[in-house]
Amino acid sequence: MDHDPKERLLLPSRAAAVAANGPHRRATAVSGGGGGGGGVAIDVHGLKRRGGGRRSWVRVDAATGASEAVEVAKPALMRRLDLPARDLRLLDPLFVYPSAILGRERAVVCNLERIRCVITADEALILRDPDVAGGAEAEEAVRRYVAELQRRLVDRADDLPFEFIALEIALEAACSFLDGQAVELEAEAYPLLDDLTAKISTLNLERVRRLKSKLVTLTRRVQKVRDEIEQLMDDDGDMAEMYLTEKKRRMEASLLDDQMLQGIGNNGFGSSFSAPVSPVSSTPASRRLEKELSFARSRHDSFKSADSSEYSIDELEMLLEAYFVVIDYTLSKLTSLKEYIDDTEDFINIQLDNVRNQLIQFELLLTTATFVVAMFGVVSGVFGMNFEVALFNVPHAFEWTLVITGLCGLVIFCCFIWYFKKRRFFPL
């Protein structure tokens, strides 16, 4: 019986697993030991289907504000919006990417905390994936975003284009979410730091360490959003790329002019472009048509290579500046909290250093006192000898010996204290 060459290279247990799963359900086994057959099976094809399969989106129409749940595959979305795979990878919940705002030719890709969306001139596609961690909160954030976008489209209190309205609501949601987390962190931090200042304990120190770790993580997220907004504000070209409605209007107008001019040329002046005509015999109408066609083609080419000078980016810049101020204020609050924590840690370190110095001083005094008391041990050892000494026959000799030894020890102890004070080993 013939066998697959790949199966002959596998261990017996793995070959049986491959045969049982079939050629289309192979899994990668990660061995757990040196010669053991155990391992953890990873469903690679399942991950591929999850990464490249259909995902659930909420589509909001720009004209009517109507919303609907749709399922769109990643390749279809790439073809529809002319987006590269790396842009849509920013929205994939399987990957952890920081916040980003990308302006492309036909869409704006936003990854702002819990809001992941693709905004075009005609619609907004908001990703919803309840299977990821924190799916309930993310689902609620998407629902609020869609409701606010629909409300803004119905009211239309300003003349902002659709893509700016959708972007503004995403920025507002991200800034509000981050600011709320900063407020909660502040409410948790100050009482904890007061407790640590009042009582230094291992439990309080561990709680402060966890708090500081959460603060650093939140600060990075806020800093990333702030950097994205600042980068957009500093680059006029990136802001011009985000004028999707204006680009669509100009493109439609340019195509319409081209079609009209081509129709006129096909009706009456098509022959004037096929062969050279002398300036004497050419009619004014044909020359005017050639000029108009040349002007239309040059306008169409210049539109494709348009830079920020063709757009008035003031309204987008003011919108970004407003939320830059908001996120910068949140960042300043987190920075102040971090400085307060650092000051508290410095105070705690000073207190610990003082306690450590006091312990060293006490140990030094204890060592000096032990040396002095050891003198009495020497005296007792001398009087405990088993041989006769003339001093033993003197009346009250032992009492006098104790008194003299005590005075000598006291003098020696005072000399040590004076020496320590002079050398500033510890203040006395």
Side-chain angles (χ1 to χ4, degrees), residues 178-224 226-227 327-385 397-428:
L178 292 174
D179 188 71
Q181 287 198 332
V183 171
E184 292 178 1
L185 198 62
E186 280 184 327
E188 179 186 358
Y190 288 113
L192 180 57
L193 294 175
D194 293 339
D195 293 340
L196 180 62
T197 305
K199 181 181 179 181
I200 303 175
S201 62
T202 304
L203 178 60
N204 289 337
L205 288 173
E206 179 65 20
R207 291 170 61 190
V208 171
R209 186 189 66 81
R210 294 177 182 175
L211 176 70
K212 191 171 183 180
S213 178
K214 292 168 58 178
L215 175 63
V216 171
T217 304
L218 182 59
T219 303
R220 288 176 180 173
R221 290 160 55 191
V222 173
Q223 183 70 48
K224 181 58 179 176
R226 180 186 180 276
D227 292 343
I327 200 67
D328 187 67
Y329 175 69
T330 302
L331 182 62
S332 64
K333 287 196 300 184
L334 294 176
T335 305
S336 301
L337 180 59
K338 185 178 182 300
E339 292 177 355
Y340 184 75
I341 293 178
D342 292 339
D343 294 340
T344 304
E345 288 181 345
D346 293 340
F347 175 76
I348 297 301
N349 290 331
I350 292 175
Q351 295 294 324
L352 292 176
D353 290 339
N354 291 335
V355 172
R356 192 179 298 109
N357 292 334
Q358 291 175 2
L359 291 175
I360 294 174
Q361 296 171 13
F362 178 74
E363 183 181 4
L364 191 58
L365 289 175
L366 189 61
T367 303
T368 305
T370 302
F371 174 76
V372 173
V373 173
M375 298 175 57
F376 288 91
V378 175
V379 174
S380 61
V382 171
F383 278 91
M385 296 294 180
F398 183 70
E399 290 81 357
W400 281 105
T401 302
L402 291 178
V403 172
I404 294 172
T405 304
L407 292 175
C408 292
L410 182 60
V411 172
I412 294 174
F413 184 76
C414 292
C415 291
F416 272 110
I417 295 299
W418 174 81
Y419 176 76
F420 294 152
K421 184 178 180 180
K422 182 179 179 181
R423 297 299 301 269
R424 297 181 180 178
F425 287 162
F426 52 85
L428 294 174

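Just so you know, these numbers come straight off a predicted model, no measurement behind them.
- Here Arg356 contributes atom CZ and Asp353 contributes atom CG; the two are 5.0 Å apart, rounded to the nearest 0.5 Å.
- Counting all heavy atoms, side chain and backbone alike, Leu178 lies closest to Ile327 at CD1-CD1, 3.8 Å.
- Atom NZ of Lys212 has more than 12 neighbouring heavy atoms from other residues, nucleotides or ligands inside a 6.0 Å radius.
- Closest of all the heavy-atom pairs between Ala182 and Thr330 is CB-CG2, 3.9 Å.
- From Ser201, atom OG reaches atom CZ of Arg207 across 8.5 Å, with rounding to the nearest 0.5 Å.
- The local environment of CZ in Phe362 is sparse, with at most 12 non-hydrogen atoms from other residues, nucleotides or ligands closer than 6.0 Å.
- One finds the CG atom of Asp195 at 10.0 Å from the NZ atom of Lys199 (value rounded to the nearest 0.5 Å).
- In the displayed structure, Glu206 atom CD is contacted under 6.0 Å by more than 12 heavy atoms of other residues, nucleotides or ligands.
- Donor-acceptor pairing under 3.5 Å is recorded for the side chains of Gln223 and Asp227.
- Residues Thr219 and Leu331 come closest through the heavy atom pair CG2-CD1, 3.9 Å.
- Side-chain atoms of Ser213 never come within 3.5 Å of backbone atoms of Arg210 as a donor-acceptor pair (strictly under, hydrogens ignored).
- Atom CG of Leu364 and atom CZ of Phe416 lie 9.0 Å apart (nearest 0.5 Å).
- Counting non-hydrogen atoms of other residues, nucleotides and ligands closer than 6.0 Å to OH of Tyr190 gives a total above 12.
- For the pair Phe413 and Leu365, the tightest heavy-atom approach, listed with the atom from each and the gap, is CE1-O, 4.3 Å.
- Ion pairing between Lys338 and Asp342 holds under the 4.0 Å rule for side-chain N and carboxylate O.
- Within the 4.5 Å cutoff, the side chain of Lys333 has heavy atoms near those of the Asp179 side chain.
- Interatomic distance, Glu345 CD to Leu196 CG, rounded to the nearest 0.5 Å: 8.5 Å.
- Side-chain contact between Val403 and Leu407: present, with at least one pair of heavy atoms (C-beta onward) separated by less than 4.5 Å.
- Atom CG in Leu337 sits 7.0 Å away from atom CG in Leu193 (nearest 0.5 Å).
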